[in-house]
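Along the sequence shown, the residues carry numbers beginning at 1. Just so you know, these numbers come straight off a predicted model, no measurement behind them.
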Amino acid sequence: MTDESIANPLERRQRIEAICVRLLARREHSRRELLDKLAMRGFERDEVAAVIDDLSRQNWQNDARYAECYIRERIAKGYGPLRIAYELQQRGIADADLDAQAEEQGGWLNLALDVYAGKYGDETSLPPNEWAKRSRFLQQRGFSGETIKRVFVVLKIKMRSS
């Protein structure tokens with residue numbers, strides 16, 4: 001029996017809830033992710049939304065908790081605020097406090113410096129085209145132009161003091 005063929009509304013609701021709980025037991029999911037995954041299985045978005053509302057009231061599904069976990073994970077992988085905010089928006093999260101999570105890790109500048117050092121090490125005596133290449137790398141990781149400028153200022157200061 002496929003998910004689409006369940007005619008009884010109570011059985012459909014129970015099936016939707018079982019799928020949602022199984023997905024949430026593996027990892028946090030945003031509301032939009034759950035809606036999309038169940039829509040792909042042939043369930044109507046309206047009936048899925050009602051189940052997700054109930055799961056949210058029971059605190060099984062929580063977009064704020066999902067965002068916090070997602071931000072922490074992406075920061076740990078070396079991504080900046082612009083990219084993380086875009087990815088969250090794609091997952092249905094519009095207003096997450098990225099800066100609070102970054103401050104726990106030392107701030108965006110320190111994170112950008114760590115990402116830079118992880119990729120390029122301490123070498124600072126470079127031609128301009130190499131600085132541009134490295135700047136693009138940090139941009140693709142989601143760091144702002146201002147943060148990237150500050151990274152290069154810090155690196156040039158280190159270069160002078162060496």
Side-chain angles (χ1 to χ4, degrees), residues 16-17 19-40 45 48-162:
I16 291 168
E17 186 171 332
I19 293 169
C20 286
V21 169
R22 190 177 71 242
L23 290 169
L24 290 166
R26 290 184 188 149
R27 71 166 178 86
E28 294 286 345
H29 285 74
S30 71
R31 177 182 184 81
R32 181 182 290 172
E33 284 180 323
L34 289 174
L35 282 168
D36 291 346
K37 286 183 178 189
L38 280 122
M40 287 175 47
R45 286 186 175 272
V48 173
V51 171
I52 295 172
D53 288 342
D54 288 344
L55 292 172
S56 293
R57 281 190 285 279
Q58 298 170 38
N59 207 26
W60 277 87
Q61 192 282 323
N62 184 310
D63 277 349
R65 187 175 59 224
Y66 167 80
E68 184 179 321
C69 291
Y70 189 84
I71 293 165
R72 192 176 313 118
E73 173 189 318
R74 298 306 278 169
I75 286 173
K77 289 186 178 184
Y79 291 98
L82 300 176
R83 179 146 175 190
I84 296 170
Y86 174 77
E87 291 173 349
L88 283 171
Q89 183 182 14
Q90 298 302 304
R91 288 159 177 79
I93 308 295
D95 57 342
D97 189 2
L98 297 166
D99 294 335
Q101 291 283 335
E103 287 307 314
E104 290 179 15
Q105 307 292 325
W108 292 117
L109 176 60
N110 287 329
L111 290 166
L113 284 164
D114 289 346
V115 169
Y116 180 91
K119 173 89 171 166
Y120 298 111
D122 291 337
E123 186 181 357
T124 54
S125 162
L126 305 166
N129 64 338
E130 186 62 25
W131 285 111
K133 178 181 169 187
R134 293 175 183 206
S135 174
R136 283 191 303 275
F137 166 73
L138 290 172
Q139 282 179 319
Q140 290 169 345
R141 283 301 188 125
F143 292 99
S144 69
E146 184 60 36
T147 300
I148 294 168
K149 285 178 193 173
R150 291 174 59 205
V151 164
F152 292 145
V153 166
V154 168
L155 292 172
K156 288 178 183 178
I157 291 170
K158 284 182 180 179
M159 184 173 68
R160 288 184 200 135
S161 65
S162 301

**Complete:** In short, Leu111 meets Ala102 closest at the heavy-atom pair CD1-CB, 4.1 Å

**Asked** Are Arg32 and Asp63 close enough for a salt bridge, meaning some N to O gap below 4.0 Å?
**Response** no

**Item:** Residues Arg134, Glu130: salt bridge by 4.0 Å N-O rule
**Value:** yes

**Message:** Could you tell me if the side chain of Phe143 sits less than 4.5 Å from the side chain of Val151, heavy atoms only?
**Reply:** no

**Request:** Evaluate the criterion salt bridge (Lys or Arg N to Asp or Glu O under 4.0 Å) for residue pair Glu68 and Arg72; output intermediate values, then yes/no.
**Result:** CA-CA 6 Å; Glu68 184 179 321; Arg72 192 176 313 118; 2.7 Å; yes

**Fill in**
Between Ser135 and Ile148 the two heavy atoms that sit nearest each other are OG-CG2, 3.5 Å

**Prompt:** To the nearest 0.5 Å, what is the distance between CD (Glu146) and NZ (Lys149)?
**Reply:** 5.5 Å

**Message:** Please give me the minimum heavy-atom distance between Ile93 and Ala67, naming the atom from each residue.
**Reply:** CG2-CB, 3.9 Å

**Request:** Classify the angle between the aromatic ring planes of Phe152 and Trp131 as parallel (below 30°), tilted (30 to 60°) or perpendicular (above 60°).
**Result:** perpendicular

**Complete:** Leu24 and His29 have their tightest heavy-atom pair at CD2-N, 3.8 Å

**Message:** If I compare all heavy atoms of Leu55 with all of Cys20, which pair ends up nearest, and what's the gap?
**Reply:** CD1-CB, 3.4 Å

**Pairs involving residues 70-110, ordered by first then second residue, that meet ring pair (Phe, Tyr, Trp, His ring centres under 6.0 Å) (sequence neighbours left out)** = Tyr66-Tyr70

**Item:** Asn59 CG: over 12 foreign heavy atoms closer than 6.0 Å
**Value:** yes

**Request:** Indicate yes or no: does Arg27 engage Glu73 in a salt bridge with an N to O separation below 4.0 Å.
**Result:** no

**Message:** Distance check, rounded to the nearest 0.5 Å: Asp114 atom CG versus Leu109 atom CG?
**Reply:** 9.5 Å

**Intermediate values then yes/no, side chain to side chain contact (heavy atoms under 4.5 Å, CB included), Val51 and Val48** = CA-CA 5 Å; Val51 171; Val48 173; 5.7 Å; no

**Request:** Name all residues meeting the side-chain contact (heavy atoms from CB on, under 4.5 Å) criterion together with Lys119; count only those two or more places apart in sequence or in a different chain, and write none if there are none.
**Result:** Phe137

**Asked** How long is the gap from CD on Glu28 to CG on Leu34, to the nearest 0.5 Å?
**Response** 10.0 Å

**Closest approach of Ser56 to Gln61 (non-hydrogen atoms, all atoms of both residues)** = OG-OE1, 2.9 Å

**Item:** Passing option when Glu87 is tested against Arg91, Gln90, Arg83 for side chain to side chain donor-acceptor pair (under 3.5 Å)
**Value:** Arg83

**Message:** Just to verify, what does Asp36 make a side-chain hydrogen bond (donor to acceptor under 3.5 Å, both in side chains) with, not counting sequence neighbours?
**Reply:** Arg45

**Request:** Determine whether Ile19 and Arg22 make a side-chain contact, defined as any pair of heavy atoms from C-beta on separated by less than 4.5 Å.
**Result:** yes

**Prompt:** Are the side chain of Arg141 and the backbone of Gly78 linked by a donor-acceptor contact shorter than 3.5 Å?
**Reply:** yes

**Asked** If you round to the nearest 0.5 Å, how far is CD1 of Ile75 from CG of Leu98?
**Response** 7.0 Å

